[in-house]
There are 2 protein chains.
Amino acid sequence: MKKLKECTVSVFGLGLLGASLAWKLTSGGSVQGVAGWSRTRETVQRALDTGIITHACDSAEECAALGDILILAVPIRSMEETSLSIAGAVRQDALAVFDLASTKTEVGRSLSSIWGPRYAGFHPMAGKEKGGIGNADPELFLGSICAIVPFPGTSPSVLTLAEELASALGGRSLRTDPAEHDAVTACISHFPVLVAASLSLLAGKEREIHPLLPLLAAGGFRDTTRVAGGPAWLGADMASTNGVQVRRLAEEFKNVLDELLSASPEDLEILLAKASECRESILAAKEAWRKEERQ
Amino acid sequence: MKKLKECTVSVFGLGLLGASLAWKLTSGGSVQGVAGWSRTRETVQRALDTGIITHACDSAEECAALGDILILAVPIRSMEETSLSIAGAVRQDALAVFDLASTKTEVGRSLSSIWGPRYAGFHPMAGKEKGGIGNADPELFLGSICAIVPFPGTSPSVLTLAEELASALGGRSLRTDPAEHDAVTACISHFPVLVAASLSLLAGKEREIHPLLPLLAAGGFRDTTRVAGGPAWLGADMASTNGVQVRRLAEEFKNVLDELLSASPEDLEILLAKASECRESILAAKEAWRKEERQ
């Protein structure tokens with residue numbers, strides 16, 4: 001079986017994630033070449049002109065025919081459609097198909113049935129507030145976790161390639177199953193987007209009554225709502241393709257919030273101290289794992 | 001009437017806010033001197049040794065007797081008690097009493113009845129994740145808003161002094177009434193603390209089921225929950241002395257969240273785009289006002 005270095009990688013979708021990934025592989029010389037396709041012709045040309053990709057493709061089919069490894073970096077809700085449109089053009093000897101979607105259960109079930117043993121989920125846990133090729137950065141994934149999500153039937157060699165890919169991006173591999181992946185990302189990413197958006201909408205309403213609201217808003221408001229500043233299509237994709245987990249967590253969240261709201265000042269202080277400890281402990285566990293990996 | 005430059009300022013409480021304020025006044029030479037008192041004798045000594053204050057006081061009464069201007073920087077729930085304990089020691093010709101509490105309606109009503117026309121609320125909108133004199137910074141208030149909150153009967157000369165004080169701190173004055181102050185700060189600060197704490201507690205619970213949760217947590221979780229990392233006593237003080245507004249906003253928030261949770265993917269995208277606009281517009285309005293002030 002070919003090593004990553006001997007492979008041509010075909011990237012479908014050249015937004016923030018697709019372009020950053022392509023750029024890192026091209027500039028790092030870790031693959032034979034990177035073919036790229038996007039719905040927008042200008043984006044493909046821009047990617048070629050700036051050295052993000054080595055082959056510009058006019059069609060998804062052309063891109064599919066070039067690749068040893070196929071990486072689907074289109075919006076989550078287009079993953080299945082894109083897969084179906086290129087399935088006939090993919091080479092018989094293509095080795096692997098990965099998707100970069102932020103949710104895995106629904107999309108993975110569908111992609112697994114299309115691609116069989118060559119498919120595994122691949123989710124680099126990195127991003128920026130603003131998307132698009134204009135914000136692409138070959139070092140976007142440096143030090144970040146790449147969740148590798150096998151499905152029943154995924155070939156072991158595909159998982160090995162996924163791990164090589166994570167290394168080539170400067171990231172760290174972590175295997176997880178789709179259900180666990182979606183439960184955890186709902187908790188630390190997808191549901192917080194809805195919370196941040198709700199706080200932003202609430203502040204927008206309150207501002208109508210109190211026009212001086214923006215003047216009193218400081219760092220706390222900016223940080224708590226930061227993830228509401230991301231692309232709306234992405235937030236909607238994440239919440240709707242991970243709806244079961246997001247709604248489960250929303251119910252739990254409301255119970256926790258109600259407990260805080262009804263607590264006495266003394267009990268509230270205890271609960272807030274516990275919340276701070278939970279947060280510190282989570283951030284510290286991540287940092288410890290990072291240091292361990294570096295050694 | 002004395003100008004700020006001719007006044008001795010007495011600061012009660014030398015935590016993050018009290019010590020930072022004292023330090024700026026001392027180092028900026030904008031007042032005659034700064035007397036300081038804290039419950040903890042070592043804190044007072046440390047403040048004197050590091051040049052944060054010019055006079056160390058053994059008792060709150062001693063500190064009160066020195067001041068032309070009194071600044072209450074104790075925890076919100078100790079404001080009334082501290083005021084009552086020093087009321088008899090304050091000079092007849094003392095000019096003004098300000099409190100730095102983050103909530104104004106409840107505490108202001110009580111302080112106004114103790115101090116009469118010499119009292120106004122003063123709330124510099126600045127802070128740090130970690131409190132205490134060890135984190136004090138004379139430039140903490142640079143460019144921040146200082147809400148000045150008159151009560152019925154507050155003397156106009158007291159408000160003028162409050163504005164001079166805001167300038168001396170490097171901040172910008174904004175007059176508001178207590179009800180508006182508390183409604184707005186509940187929305188952009190106090191309620192978001194409870195939200196961030198609820199998300200942290202929720203993540204703590206989920207981690208028990210999914211031990212790899214910390215490894216997948218990235219910048220989004222860290223930022224959304226940042227304000228949950230502040231001192232628990234402060235969060236409890238803010239939420240409990242601004243309970244009416246916090247509970248009102250919690251109900252509105254849950255309605256907004258439910259609307260997002262039940263929306264179709266298409267409607268959710270529209271709502272998330274609106275949320276992002278609300279946020280951008282609030283941050284832009286603040287930035288525009290800042291630039292205007294600088295001119």
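A, B, ... follow the sequence lines: proteins, then strands. Residue 1 opens every chain. What you see below is based on every heavy atom in this structure, not just the backbone, and it leaves out hydrogens, waters and symmetry mates.
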Undergrad: Tell me, for A:Leu174 versus chain B, whether the close heavy atoms (under 4.5 Å) come from the side chain, the backbone, both or neither.
TA: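 Looking at A:Leu174, just its side chain touches chain B.
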Undergrad: Using side-chain heavy atoms (C-beta onward) and a distance below 4.5 Å, is A:Leu202 in contact with B:Phe191?
TA: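 Yes. Closest side-chain heavy atoms under 4.5 Å.
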Undergrad: CD/A:Glu266 to CH2/B:Trp233 distance, rounded to the nearest 0.5 angstrom?
TA: 15.0 Å
Undergrad: Given heavy-atom pairs under 4.5 angstrom as the criterion, report whether the side chain, backbone, both or neither of B:Thr241 touches chain A.
TA: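 Neither; nothing under 4.5 Å.
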Undergrad: Testing B:Leu271, B:Leu257, B:Asp258 one by one against A:Ser198 for a side chain to side chain contact (heavy atoms under 4.5 Å, CB included), which residue passes?
TA: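 Answer to the side chain to side chain contact (heavy atoms under 4.5 Å, CB included) test with A:Ser198 among B:Leu271, B:Leu257, B:Asp258: B:Leu257.
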Undergrad: Please look at B:Leu249 and chain A and tell me whether the side chain, the backbone, both or neither of the residue comes under 4.5 angstrom of a heavy atom of that chain.
TA: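 It is both, since atoms from each part get that close.
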Undergrad: Considering non-hydrogen atoms only, spot the tightest contact between B:Pro214 and A:Ala285 and give its length.
TA: CB-CB, 3.7 Å
Undergrad: Report the option among B:Ser240, B:Cys187, B:Gly220 that has the most heavy-atom pairs separated by less than 4.5 Å from atoms of chain A.
TA: B:Cys187
Undergrad: Name the region of A:Ser281, side chain, backbone, both or neither, that has any atom closer than 4.5 Å to a heavy atom of chain B.
TA: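 Interface part for A:Ser281: both.
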Undergrad: Identify the heavy atoms of A:Ser200 and B:Arg279 that sit nearest to each other, and give their distance.
TA: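 Heavy atoms of A:Ser200 and B:Arg279 come nearest at OG-CB, 3.8 Å.
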Undergrad: For chain A, which candidate among B:His181, B:Glu259, B:Glu269, B:Arg77 shows the most heavy-atom pairs at distances under 4.5 Å?
TA: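 Ranked by contacts with chain A, first place is B:Glu269.
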Undergrad: Which atom pair, heavy atoms only, marks the closest approach of B:Leu268 to A:Ala236?
TA: CD2-CA, 3.8 Å
Undergrad: Looking at A:Asp237, A:Val246, A:Leu213, A:Leu261, which one has more heavy-atom pairs under 4.5 Å with chain B than the rest?
TA: A:Leu213
Undergrad: Taking side chain as everything from C-beta outward and backbone as N, CA, C, O, which of these in A:Glu180 sits under 4.5 Å from a heavy atom of chain B? Side chain, backbone, both or neither.
TA: both
Undergrad: Only pairs of heavy atoms separated by less than 4.5 Å count here; which of B:Ala203, B:Ser144, B:Ala218 has the most with chain A?
TA: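 Ranked by heavy-atom pairs under 4.5 Å with chain A, first place is B:Ala203.
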Undergrad: Determine the option with the most heavy-atom pairs under 4.5 angstrom with chain A, choosing from B:Ala217, B:Gly235, B:Pro231.
TA: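 With the most close heavy-atom pairs to chain A, the winner is B:Ala217.
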Undergrad: Side chain from CB out, backbone as N, CA, C, O: work out which of these in A:Leu215 comes under 4.5 Å of a heavy atom of chain B, or both, or neither.
TA: both
Undergrad: Heavy-atom pairs under 4.5 Å with chain B are the metric here; pick the option from A:His210, A:Met125, A:Arg247 that has the most.
TA: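 It is A:His210.
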Undergrad: Working to the nearest 0.5 angstrom, can you tell me the gap between A:Leu216 CG and B:Ser189 OG?
TA: 10.0 Å
Undergrad: For B:Glu252, is it the side chain, the backbone, both or neither that has a heavy atom under 4.5 Å from a heavy atom of chain A?
TA: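 For B:Glu252, heavy atoms of backbone and side chain both lie under 4.5 Å from chain A.
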Undergrad: Looking at every non-hydrogen atom in both residues, tell me the closest pair between A:Cys278 and B:Gly204 and how far apart they are.
TA: SG-CA, 3.9 Å
Undergrad: Measure distances from A:Leu194 to the heavy atoms of chain B and classify the residue's part below 4.5 Å as side chain, backbone, both or neither.
TA: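 When you check distances to chain B, atoms from both the backbone and side chain of A:Leu194 fall under 4.5 Å.
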Undergrad: Is A:Leu283 in contact with chain B via its backbone, its side chain, both, or neither, using a 4.5 Å heavy-atom distance?
TA: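 For A:Leu283, the contact with chain B is made by the side chain alone.
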Undergrad: Quick one: of A:Ile188, A:Leu272, A:Asp267, who has the most non-hydrogen atom pairs under 4.5 Å with chain B?
TA: A:Ile188
Undergrad: Should the heavy atoms of other residues, nucleotides or ligands under 6.0 Å from CZ of B:Arg39 be counted, would the total exceed 12?
TA: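 No - once you tally the heavy atoms of other residues, nucleotides and ligands closer than 6.0 Å, there are 12 at most.
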Undergrad: Pick from A:His123, A:Lys205, A:Arg207, A:Glu277: which one has the most heavy-atom pairs with chain B under 4.5 Å?
TA: A:Arg207
Undergrad: Quick one: what part of A:Lys274 sits under 4.5 Å from any heavy atom of chain B, side chain, backbone, both or neither?
TA: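 For A:Lys274, backbone and side chain are both near chain B.
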Undergrad: Working note: A:Phe253 + B:Val195, criterion side-chain contact (heavy atoms from CB on, under 4.5 Å); need CA distance, chi angles, decisive distance, verdict.
TA: CA-CA 9 Å; A:Phe253 172 86; B:Val195 167; 4.0 Å; yes
Undergrad: Taking all non-hydrogen atoms of both residues into account, name the closest pair between A:Glu206 and B:Ala183 and its distance.
TA: OE1-O, 4.5 Å
Undergrad: Rounded to the nearest 0.5 Å, what separation is found between the NZ atom of A:Lys286 and the CZ atom of B:Arg222?
TA: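 Rounded to the nearest 0.5 Å, the NZ-CZ separation comes to 9.0 Å.
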Undergrad: Of all the heavy-atom pairs spanning A:Ser276 and B:Ala228, show the shortest one and how long it is.
TA: CB-O, 3.3 Å
Undergrad: With a 4.5 Å cut-off on heavy-atom pairs, point out which of B:Asn255, B:Asp223, B:Leu260, B:Val256 contacts chain A the most.
TA: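 Counting heavy-atom pairs under 4.5 Å, the top option is B:Asp223.
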Undergrad: Identify which of A:Val193, A:Leu234, A:Thr225, A:Val227 forms the greatest number of heavy-atom pairs closer than 4.5 Å to chain B.
TA: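 Highest number of heavy-atom pairs under 4.5 Å: A:Thr225.
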Undergrad: In terms of heavy-atom contacts, does CD of A:Glu81 have more than 12 from other residues, nucleotides or ligands at under 6.0 Å?
TA: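 Count not over threshold, so no.
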Undergrad: Less than 4.5 Å to any heavy atom of chain A: does that hold for the side chain of B:Thr224, its backbone, both, or neither?
TA: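 Both parts, backbone and side chain.
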